[in-house]
Structure formats: structure tokens, C-alpha cells
Amino acid sequence: MKEGNERKFKLGKLFQEYVVAMKWSYMRNGCFSTNPIVNSSLFFPLAKHVINSSFSEFCHFPTYCLIHSSSSSSNLSNGLRNAFATHFIHSKLIKKGSLHHEGSYLLNLYIKSRLVGDAHKLFDEIPQRDVRTWTIMISGFAQNGFFRGAVDLFSEMLEEGVVPNRFTFSSILKCCSSLNELRMGKAIHGWLLRNGIVVDVALANSILDLYVKCHVFDYAEGLFESVIDKDVVSWNIMIGAYLRVGEMEKSLDLFRQLPFKDVATWNTIIDGHARNGLQVAALNLLYQMVETGPLMNQITFSIALVLVSSLSILDLGRQIHGRILRIGIYNDGFVRNSLIDMYCKCGQMEKASAVFENFAPYFTTKQNSVISCDESAAAPVTWSSLVTGYIQNGRSEDALKLFLTMVCKRIEVDMFTLTSLISACGNAGLLELGQQIHGHILKTGHKSDVFLDSSMVDMYAKCGRLDDAWSIFKPSNCRNIVLWTSMISSYASHGQGSKAIWLFELMLNEGFRPNEVTFVGVLTACSHAGLLKEGCKYFKLMKEVYDIKASVEHFTCMVDLFGRAGRLDMITDFIYENDISHISAVWKAFLSSCQVHKNIEMAQWVSDKLLELEPLQSGPYIMLSNTCATNHKWEEVAKLRALMKHRGVRKHPGQSWI
DNA sequence: TTAGGGTTAG
């Protein structure tokens, strides 16, 4: 037998053993019936493929198998299949004693199966490691997000005297941009130039990406201009760069100049518009893509669904859902999650949970302890989306039930979910549950997170525990404007105006720039503490120093401020000076001030203004009627009630939990 | 080169 044929024969034998072992494993996991490999229509073409292929192709066999089975409704995880196959092949190679020759193939396979730890162990066992071996390991680390590890490996490699190649550099440059290590990246760029290394397009693109990610635009533009054989990737990087900093004209200019736009070009430009608040333009671009552009991929669908969510066009969302089903990319984790998120944001919780339920088998397989790397990474996002969806749709109870299910199923509850849950506890006044979740966070030793801290401060404050809120805020080492605002607003809502202002001044001293919400907190603090002068000062500061346009919330705070200070006369001037007489919320605040000060004439005038804006709302009638009642004007009260009845305005009675 | 979930006001 010729050497080549012998090799094929051996591979065929190996394949048979593999299939037998795999079947056994499926049976043990109770997944036999759903196993696509036992389906004969798949089995024979695959067998043929493997027997005719080289060893390296054989190593990709599980991936190949996965591509074919991913559109069927297999509930067996891909990662498991890959991991199993990889371990199996590894054991065979050890028996054959050919780890020496085939080591880098196997290493590649471990990386593809995302078994980075196993790959590293194998890497240490391989006796002779060349550039190839090192590069597979380094890029494997980089692909799986272990950027520091990759950089450490890189320096080890240099110490051992192995000379890196283009691929090594490309991987390391990716790490530099992810770690924001501009200096290291620049050093590598310089080294390449000094040593006359041929910088091909791919490598140039890595450098371009580094400069873009590290925000050195002049370098990026210079490099972009100087690269002669630019490919579509180079263009896409530059287009994306301009979009990220809001340079819409520049990005569109490049977009128009580019003759061959690929799917990534379109995805970049559509998403970039959406992220810059230009949703309608993004939608038009999407339509343009459907008509004249390349075929949409799963990323396009994901982007489109996010766009639909922000525009709340449920019909379009449904159409996209249909298209996703037809194309058969329903199993993509991102697409699935965007779909759930879209239904949540459009208030369609039933639809959202239906999509979620369709994937339930993925998660229940955990009982059989088969959950893959891919799915364990995707699952918490999906759960989190649904939990958050329930909370945002005011269904805290459903959210909490789902949370309990997650705990029972031992699905990792990540920071995103915990943040939403804490916020829900705050809104519902569920102090005990909030404390339990807080305890859970402390026990599991999650890292400090500014989102979580903000919602925790808010939760404790809303549940009346200002001291606990402070004890979260004080030691926090990752303060941002939202966290400061939460604490300032907490003091404000507890009537501790001077403390809120003290904290605000402290924040300014530390160099934080207040946003519109911060000023709502500060103005509320002033109004609750009767600090008329300070309130006016900060309102001016907001507009003149921080260039923040006053919104309805700020105006109502100001009206409230004048009202509580008993300066009803100032309110009218304020309303006309700021040209806000068309905003009903302002008049409502005014009316409630009239009620507090028992000023019946003013209340009458204000409620007339309010009724011009909202003739069918019960609020103005009720508030005016209450003002009359506090002044014992019972005839007026009766007249108002009659008028309401005549105009068909109904007041829904309030209800209390107590 | 391109994609998903979280915090603060009223």
C-alpha cells in the first residue's frame, strides 16, 4: 500500500472509532435521537469527505458537522461535540506517539473548540515549538479574549529567540488595540518598518485598527492614505472610525467613494447611523441595502432588530422575524437575543418569552451536564434580556420568578441581570429582597461595578435606607457621573437639600461634569429645602456653564422651587420668560403650589390654562376641587363635579396596597 | 472590519 493510501486508510479507521465513541456518548447523555450524525444522509457524505481529506481537514470535521447540523433543531451543544472530538483525537495521537508531528493541528483544534486551558497544557507538552505553534497559541489567546496572556506569551516567545511572523504580529496588534496599549503597538509598527518586514494589507489593517481604537486619528488617516493596495477591510475600518466619533459626513464620503461595498460596509454604516441617533437614516440605508446591496448576514439582522427596537416599529420587527425563520439563522445567539430584546422593548412580553421558550432545551440540557462554551456564554444574555424586559414593562413579579428559575437551574446570574433586579427592588420598595441580592453579590465576590453600585444606592435610598446608600457610595472606587447623581438625588428625595448641594460641590471639585439628570437632583434638593437663591443659581449654571438645555423636568423643578418658597408671583414670569406655557406638566406643578398655599383665585386661573391644554384629564378638576375644599368652598366643589360629569371626565379611584 | 443585555429624575 502506498504511503498516501495507508494514511487515508488509517484516518478512515480513526473516523469509524470516533463515530462509535461519539454515539456512545450521545446515548449516555440521552440525546441519541437528536444526534444528527446518526442520520445516514449526513453520515455518508461526511465519511467520504473525511476519508478523502488530509489530516488537518479531518481536525475540522466537528466544525464541519456542526455547520450542517446547526440549522436542524439539535439540542446537543456544539461545544461539547467539538470538545469530545478533540479529546478523542488527542488520546489517539498520544497512543500513536505522533504528538510530535501533529501537535500544531491538535492545538488548532483545541483553540477552535475554545478549550484554551487544554490548549495551553498541550502547548507545554509539545517538544519543538516553532513560529507556527507559538502563533496558534498567541492568536488562540487573543481570539478568546485573553489579551494579557497573549502578550505574555509573545514576550516568552521572543525570549526563546523565536522570530515572529506577520500572523504573530497581527494577533499581537489586536491585543494592543483591545488593551489600549498604544505604546506597545507603536513600538511594533516601528520595529516592522526598521526591519523591513513586508507589511501586507492584513497587517496594515491591524495597525490601522490599532490607531483607530486608540483614537489617534492623524496616524490612522496617514496610514490609510499611504497603503497602496487597500482592500475593503481598510475602507470599512476608516468608515467605522469616523462613525464612532460622529463624523457623519466624512464616513458617508468614504462610503460613497467605495466601489465594492461588502456586507460589513453596510453593517458598519447602518449601525453607525443608529448609534449617532440617526435612526431614520439608518432605516433608509437598510432599505437601500436590501434593494441594491449584498445579502444580509446575521449581524445585519441583529443591527436591524436593535434599530426596530429603538424606533418601536413592531410590524417591521415581525417581518424581520419571518425572514430570519426563512433564512434559518434562528439559532444564532446574537440574533435570537436581539429578537427577544426587540419584543421586550415593543412591550410584547408574550412574544418575547415565546422566542425564549423555543430555546429552552438549550438550557435544560444542563441537567445532563452538557452545556457548551458557546451556549453558556450566550445563555445569561438571553435570560438577562428577558428579566430586564419584564422589569421595563413593569412586570417585576415575572422578572423575579424568572430570576428564581435561573437560581434553581444554576444559570449564572451576571451583573447585567443583578443590576436590573436591584433597580426593580428599589422601584417596588422590596428592601428585603434587595438586601438578599446584595448579600448574594458579596458572597459570590463579584467585582465592583459602577452600574450595580448606582442601582444599589438608588434601591437603598428608595427603601428609606439613606445610610446604607451612603455606605455603598462612599467606598466605591469606580465613581462616575451616574453614581454621583444617584447619591445626590437620594439626599434630595430625603429632603436633605444642603447635603445634596455639598455633595454636588464636592463632585465638581473632583472634576466631574454634571449631566441633565444631575441637575434634576440638584434642583429638587433646592426646592425641597426651600433654597430659592441656590436653585436659581444652579439653573443658570446648568444653562450657561454646562450648556445643558433645560427640559420639562428642570422647568417643573423650578416651578416647584418658586411654589414651595411661596413665590407664586415669580412662576408666571418664569413660564412666559422661558416660553413654556404649552407644557402641561409646568401648569400642574403650579396648580399644586396654589393648593399648598390655598390660593383659590390663582388656582382657578391656572386650572383654566391647564384645561385648555388637557380638557379631558381629570387632574385639573380634582386639584381645583381640592383647593376649593380646603377653603371650605363647597358650592364650587359641587359645581366642578357637575362640570366633570357633563364633560364626561372620569376620575379613576386610587388604590392602596395597605 | 461589522452585532446583543444593565444604573441615575419626574
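Just so it is clear, the model here is predicted, and its values are computed rather than measured. Chain letters run A, B, ... following the sequence lines, proteins first, then strands; residues in each count from 1.
- Proximity note for A/Asn297 (side chain, C-beta onward) versus B/dT2, B/dT8, B/dA3: the nearest is B/dT2.
- Look at CG on A/Leu483: it is 9 Å from C1' on B/dT7, rounded to the nearest Å.
- Contact annotation for A/Lys261: no contact, since no heavy-atom pair falls under 4.0 Å across all strands.
- As a whole-Å value, the separation of A/Asp453 CG from B/dT7 C1' is 10 Å.
- Side-chain atoms of A/Leu523 and A/Met558, non-hydrogen and from C-beta on, do get closer than 4.5 Å to each other.
- At the heavy-atom level, A/Asn205 lies nowhere under 4.0 Å from the strands shown.
- A/Tyr242 and A/Phe217 have tilted rings, their planes meeting at an angle from 30° to 60° on a 0 to 90° scale.
- As a whole-Å value, the separation of A/Leu386 CG from B/dG5 P is 15 Å.
- DNA chain B is contacted by A/Val233 of residues 222-235 of chain A, taking any non-hydrogen atom closer than 4.0 Å.
- The distance from atom CZ of A/Phe334 to atom C1' of B/dT2 is 11 Å, rounded to the nearest whole Å.
- Looking at A/Asp332 and A/Arg336, no side-chain N of the basic residue comes within less than 4.0 Å of a carboxylate O on the acidic one, giving no salt bridge.
- For the residue pair A/Asn297 and A/Asn267, a side-chain donor N or O sits within less than 3.5 Å of a side-chain acceptor on the partner.
- Across all strands shown, A/Thr556 has no heavy atoms under 4.0 Å from either base or sugar-phosphate atoms.
- Put simply, CZ on A/Phe512 is 14 Å from C1' on B/dT8, counting in whole angstrom units.
- Stacking annotation: A/Phe416 is stacked on the base of B/dG5 (ring centroids less than 5.5 angstrom apart, interplanar angle below 30 degrees).
- Between A/Lys230 and A/Glu225 there is no salt bridge, since no side-chain nitrogen of the basic residue lies less than 4.0 Å from a carboxylate oxygen of the acidic one.
- In this pair, A/Tyr211 and A/His189 present their aromatic rings tilted. The plane angle is within the 30 to 60° band.
- Distance A/Ile548 CD1 to B/dT8 C1': 14 Å, rounded to the nearest Å.
- Regarding A/His528, its NE2 atom lies at a distance of 13 Å from the P atom of B/dA9, rounded to whole Å.
- The base of B/dG5 lies outside donor-acceptor range of the side chain of A/Ser385, with no N or O pair under 3.5 Å.
- Here the side chain of A/Ser455 is nearest to one of B/dG4, B/dA9, B/dT7, namely B/dT7.
- Defined by atom type and a distance below 3.5 Å, a donor-acceptor pair is missing between the side-chain atoms of A/Asn427 and A/Asp458.
- Counting any heavy atom pair closer than 4.0 Å across all strands shown, A/Thr524 reaches sugar-phosphate atoms only and no base atom.
- With hydrogens and angles ignored, a donor-acceptor pair under 3.5 angstrom links the side chain of A/Asp449 to the base of B/dG6.
- Among the nucleotides B/dG4, B/dT2, B/dT1, the one closest to any side-chain atom of A/Asn236 is B/dT1.
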